[in-house]
Amino acid sequence: MPELPEVETVRRGLLERLPGRRFVEVERVEPFMLPGGAEPGLLREALPGRLVEDVRRHGKFLTLVLSDDAYLMLHLGMTGQVTLTSSDAALPKHGRFAFLLEGEQPRRLLFRDMRKFGGVELTFGRPTRRLEGLGPDALEGEWTHDGLGRMLAGRTTPLKAFLLDQRRLAGIGNIYADEILWAAQLSPLRPAGGLSEEEVVRLAAEIRGRLAEGVRLRGCSISDFVDAEGRPGGFQQALQAYGRQGEPCARCGRPLNRAVVAGRGTAYCAACQS
DNA sequence: CCCAAGTCCTGGTTGC
DNA sequence: TGCAACCAGGACTTGG
């Protein structure tokens, strides 16, 4: 599942090779993956000729900053893959978008997505409004543990549901939520507003710590994540909680529990996460 | 048939 | 009473 570290890994791969390249052609558009009735012809019309100037990320959203004040948002959803490959291979199954870029060696920016949870949006003048509702980036945002404490204060929602809420901190999904809570020794079921100051400090440290480790290992390929070159990441080997229900806790040896929190499968140690 | 999960949407509840 | 904030749960998707 592409979460912040996976999207950051893709961003770094694209940043190495995209800036300065120019779009020349839209080879494929899946109209139903565009937001609310957007016109697929708009991409074909407005993308060719534009240069890529920068590749940014906020939470799980990627934004290609294009020339003449245009922005191409990419969201990987649950199974999305964004790769930069040779332009002569056949378009693969589940290839939803394909954009041709000029250069001595032409390249194809390809968006594959088996499920259709991902999306692409081209906007002008400013990035997609979907970014406006997001909280600070969970890894690189300007928040502090004091700020986190204020965000948590008074909330009765389970801690895990809070971590998954992109309006509070942006970028944490189901895998890293379980890993962060395991590392911070906090129960996913705890009411978010009930943490002590010491616990908030621990939580803040593990949010940044686990996400940074995910980035260092180039993402988590538990199912089908690959980077911009098509290579899997390594964080799946570092998982301590996610998907390990029934297995012994690496800290205390008791079997990990399973619960459903915020509609998501949740693995945690009922003995040493409190 | 159920499960996986990111985001959006709806409807109910709470508190000022 | 009115309204916003908050929270829970469903819809969407397709392969295992």
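Every chain is numbered from 1 and lettered A, B, ... according to where its sequence line falls, protein lines coming before strand lines.
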Members besides A:Trp182 in its Ile/Leu/Val/Met/Phe/Trp/Tyr cluster (side-chain heavy atoms under 4.5 Å): A:Leu256
Any A:Gln166 side-chain nitrogen or oxygen under 4.0 Å from OP1 or OP2 of B:dT7: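 Answer is yes, contact under 4.0 Å.
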Short side-chain N/O contact from A:Tyr242 to OP1 or OP2 of B:dA5, under 4.0 Å: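 Yes.
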[X] has an atom [atom1]; how far is it from atom [atom2] of [N], in whole Å?
| X | N | atom1 | atom2 | value |
| --- | --- | --- | --- | --- |
| A:Arg167 | B:dT7 | CZ | P | 12 Å |
| A:Tyr176 | B:dA5 | OH | P | 14 Å |
| A:Asp113 | B:dA5 | CG | P | 15 Å |
| A:Leu164 | B:dA4 | CG | C1' | 14 Å |
| A:Leu4 | B:dT7 | CG | P | 11 Å |

Taking salt bridge (Lys or Arg N to Asp or Glu O under 4.0 Å) as the test, write out the residues that go with [X], two or more places apart.
| X | answer |
| --- | --- |
| A:Glu30 | A:Arg96 |
| A:Glu27 | A:Arg108 |
| A:Arg115 | none |
| A:Arg208 | none |

Base, sugar-phosphate alone, or nothing: which one does [X] contact when heavy atoms must sit under 4.0 Å apart?
| X | result |
| --- | --- |
| A:Gly77 | sugar-phosphate |
| A:Met78 | base |
| A:Thr79 | nothing |

From B:dT7, B:dG6, B:dA5, nucleotide with atom closest to A:Glu3 side chain: B:dG6
Enumerate donor-acceptor pairs with a distance under 3.5 Å from any side-chain N or O in residues 83-93 of chain A to protein atoms, sequence neighbours excluded.
{"residue": "A:Ser86", "atom": "OG", "partner": "A:Asp88", "partner atom": "N", "Å": "3.3"}
{"residue": "A:Ser86", "atom": "OG", "partner": "A:Asp88", "partner atom": "OD1", "Å": "2.0"}

Nucleotides bounding contact with chain A, strand DNA chain C, heavy-atom threshold 4.0 Å: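 From 5' to 3', the first and last contacting nucleotides are C:dC6 to C:dG15.
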Partner set under ring pair (Phe, Tyr, Trp, His ring centres under 6.0 Å) for A:Phe111, not counting sequence neighbours: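 Partners of A:Phe111 under the ring pair (Phe, Tyr, Trp, His ring centres under 6.0 Å) test: A:Phe97.
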Heavy-atom pair with the smallest gap, counting every atom of A:Pro188 and A:Gln273: CD-NE2, 4.0 Å
Salt-bridge present (A:Arg17, A:Glu229; N to O < 4.0 Å): yes
Pairing residues for A:Gln166 by the side-chain contact (heavy atoms from CB on, under 4.5 Å) criterion, not counting sequence neighbours: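 Here the qualifying residues are A:Lys60, A:Leu134, A:Ala170.
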Qualifying residues under side-chain hydrogen bond (donor to acceptor under 3.5 Å, both in side chains), relative to A:Asp227, sequence neighbours excluded: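 So A:Asp227 forms a side-chain hydrogen bond (donor to acceptor under 3.5 Å, both in side chains) with A:Arg218, A:Arg231.
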Protein-nucleic acid N or O pairs under 3.5 Å, nucleotides 9-16 of chain B:
none

Along DNA chain C (nearest heavy atom to each residue), the more 5'-positioned of A:Arg96 and A:Ala161: A:Ala161
Contact nearer the 5' end of DNA chain C, comparing A:Arg264 with A:Pro158: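 Its nearest nucleotide lies further toward 5', so the answer is A:Pro158.
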Name of the residue among A:Leu186, A:Ile175, A:Leu159, A:Ile172 meeting side-chain contact (heavy atoms from CB on, under 4.5 Å) with A:Ile180: A:Ile172
Stretch residues 115-133 of chain A: residues that reach within less than 4.0 Å of DNA chain C through a heavy atom: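 Nucleic-acid contacts, sorted: A:Arg115, A:Lys116, A:Phe117.
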